[in-house]
Amino acid sequence: MKIQRLKSITKKDITSAFKTSAPIMVTFIILGAGFGIMMQQHGYGPLWSFLSGIIIFSGTVQFLSVSMVASGSIIMATLTAFMVAARHIFFSISMIGRYKKEGKRKWYLYYALCDETYAMLSRDEIPFEVNISNYRLFVTLFDQASWILGSVLGGCLGKLLNFDSTGIDFSMTALFTTVYIEQWLNSKCHIPAILGVMATLLCRLIFGRDLFLIPAMIIIIAVLTIMRDKIERKWGDEDNG
Amino acid sequence: MDRHAIIVMLAMGIATLATRILPVLIFGRGKKVPDYILYLGKVVPYTAMGLLIVYCFKDLSITTKPHALPELIGMVIVVASYLWRRNTILSVVIGTVAYMIMVQFIF
């Protein structure tokens, strides 16, 4: 029964997913540990980090939550979380087509669709002879599990050791940068890549560090809409070439 | 205090979940997703990575010491090493270690 429901998982499904997730898992364990240490420093132990990884499961929101859990207002915390997490709206929308046939499993896939899982599963590079549904499930699961594992380990470590983790958040920046370069090298039309940086940078300068995300997203969507014909034409060349 | 903490965590969790589930509830009900939405799904990821990188630098100041030098050097290391080896772990690890050494011991 259970095996049937899980669409007969093969060893290859799991090992392929593991290979895809490996670089993310390493990053997540390191980043998660940074988060766990930070939580511990604020008086929230490994169990809190574990809960946070289940309830929120978004690195940026979780890092942000550390100070808010201690003292912030609930409404402000909700709005800020929504703003920081708003990018997931685009991730989920662009996965609707792909996840259409995933059945009940898709609710887990959407709930746990973080930046890195999205980056891996939206590339559509599915290993040969692999059940795509199982592959997606395990990539998503490995990513979330490693993040939570890292944060719990970090919480335990923070209790025992006393090491300076200042600067560990740069690993997030570095990861996004490598994905950005990869996307750049794989596409002929660089308008979206340039737009993302320029619009956000402009809004950061105009609106300040707390309010820039939403205006940046509005500008991005507006420009993408206005330039749709041009971008699709260039994108089309790429498909044909 | 603990009760407040769990409520704030839940509130932030629900807000995060909403960004992931609401689009599916709106567009995923067996209906055909409009071409425009499909177009956005195709190109937005390319803008989103740029947005996230800028977001990572949101608290950076160029005018005050150390004038974003650790970030600049860290980024050069990440970009150069990635173009050289195309290895994500390598670039992330050496970039992060270099950055941590810079902010903790040099700048």
Side-chain angles (χ1 to χ4, degrees), chain A residues 23 26-27 44 51-52 55-56 58 61 65 68-70 72 74 77-78 81-82 85-90 92-94 96-97 110-111 113 115 122 164 166-168 170-181 183 187 192-193 195-197 200-201 204 209 213 216 220 224 228 231-232, chain B residues 1 4-24 27-28 33 36-59 70-71 74-75 78-79 82-83 86 88-89 91-93 95-96 99-100 102-104:
Chain A
V26 172
T27 315
Y44 299 98
L51 280 177
S52 179
I55 295 173
I56 303 175
S58 161
V61 178
S65 78
M68 294 195 156
V69 155
I74 293 160
T78 310
F82 192 83
R87 62 182 186 276
H88 294 120
I89 293 170
F90 308 131
S92 284
I93 282 179
S94 74
I96 286 176
Y110 283 120
Y111 144 77
L113 188 60
D115 303 315
S122 63
D164 191 351
T166 309
I168 201 159
F170 191 76
S171 53
M172 184 166 75
T173 318
L175 183 72
F176 294 151
T177 305
T178 60
V179 176
Y180 186 85
I181 299 169
Q183 286 180 339
S187 98
L195 173 67
V197 172
T200 315
L201 199 60
R204 168 63 184 83
R209 71 180 65 171
L213 270 181
I220 285 169
L224 285 177
R228 182 177 170 185
I231 294 171
E232 289 217 280
Chain B
M1 178 194 156
H4 179 78
I6 202 84
I7 290 171
V8 170
M9 201 178 269
L10 279 171
M12 294 182 88
I14 290 166
T16 308
L17 189 65
T19 63
R20 288 168 168 157
I21 297 287
L22 278 184
V24 187
F27 295 112
V33 182
Y36 175 63
I37 300 296
L38 289 177
Y39 161 72
L40 286 184
K42 191 168 64 182
V43 293
V44 161
Y46 287 76
T47 63
M49 257 344 123
L51 178 136
L52 288 176
I53 292 170
V54 177
Y55 176 80
C56 289
F57 292 127
K58 76 181 167 72
D59 296 321
E71 286 77 12
M75 285 297 271
V78 171
V79 173
Y82 192 77
L83 289 175
R86 297 273 188 106
T88 305
I89 302 179
S91 294
V92 169
V93 169
T96 307
Y99 181 77
M100 287 174 78
M102 282 189 284
V103 292
Q104 288 185 25

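Chain naming here is simple, since letters A, B, ... match the order of the sequence lines and numbering starts at 1 in each.
- Interface check for chain A: of the options Pro70(B), Ala18(B), Ala11(B), Cys56(B), the most heavy-atom pairs under 4.5 Å are formed by Cys56(B).
- Proximity of a side-chain donor or acceptor of Tyr180(A) to a complementary backbone N or O of Leu52(B) within less than 3.5 Å is not detected.
- Both the backbone and the side chain of Val43(B) come within contact range of chain A, judged by heavy atoms closer than 4.5 Å.
- In this structure, chain A has heavy atoms under 4.5 Å from both the backbone and the side chain of Tyr55(B).
- For chain B, the nearby part of Val26(A) is the side chain; its heavy atoms alone come within less than 4.5 Å.
- Counting heavy atoms from C-beta outward, Ser58(A) and His88(A) have side chains that approach closer than 4.5 Å.
- Ranked by heavy-atom pairs shorter than 4.5 Å toward chain B, the options Leu224(A), Leu195(A), Val179(A) are led by Leu224(A).
- Within the 4.5 angstrom heavy-atom criterion, only side-chain atoms of Ile220(A), from C-beta onward, approach chain B.
- Contacts of Met75(B) with chain A are made by both backbone and side-chain atoms, with heavy-atom separations under 4.5 Å.
- Applying the ring-ring contact (aromatic ring centres under 6.0 Å, His included) rule to Tyr111(A) yields the partners Tyr108(A); only residues at least two apart in sequence or on another chain are considered.
- For chain B, the nearby parts of Ser52(A) are the backbone and the side chain; heavy atoms of each come within less than 4.5 Å.
- For Leu51(B), the parts lying near chain A are the backbone and the side chain together; criterion is any non-hydrogen pair under 4.5 Å.
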TODO: Go through the steps to decide whether Ile53(B) and Thr200(A) satisfy the test side chain to side chain contact (heavy atoms under 4.5 Å, CB included), and finish with yes or no.
DONE: CA-CA 9 Å; Ile53(B) 292 170; Thr200(A) 315; over 6 Å; no

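- Contact annotation for Ile7(B): only side-chain heavy atoms (C-beta onward) come within less than 4.5 Å of a heavy atom of chain A.
- Listed by chain and residue number, Glu182(A) satisfy the side chain to side chain donor-acceptor pair (under 3.5 Å) test with Tyr82(B) (two or more places apart in sequence, or in another chain).
- Panel note: side chain Arg204(A), backbone Lys58(B); a donor-acceptor pair is recorded below 3.5 Å.
- Heavy-atom pairs under 4.5 Å with chain A were tallied for Val103(B), Val93(B), Leu22(B), Val44(B); the largest tally goes to Val44(B).
- Atom CG of residue Leu17(B) and atom CG of residue Leu10(B) lie 11.5 Å apart, to the nearest 0.5 angstrom.
- Looking only at side-chain heavy atoms (C-beta outward), Tyr39(B) and Ile231(A) come within less than 4.5 Å of each other.
- With a 4.5 Å cut-off on non-hydrogen atoms, Leu83(B) touches chain A through its side chain but not through its backbone.
- Below 30°, between 30° and 60°, or above 60°: for Phe170(A) and Tyr99(B) the angle between ring planes is below 30°, a parallel geometry.
- Each of Arg20(B), Met102(B), Met49(B), Met100(B) has some count of heavy-atom pairs under 4.5 Å with chain A, and the biggest count is that of Arg20(B).
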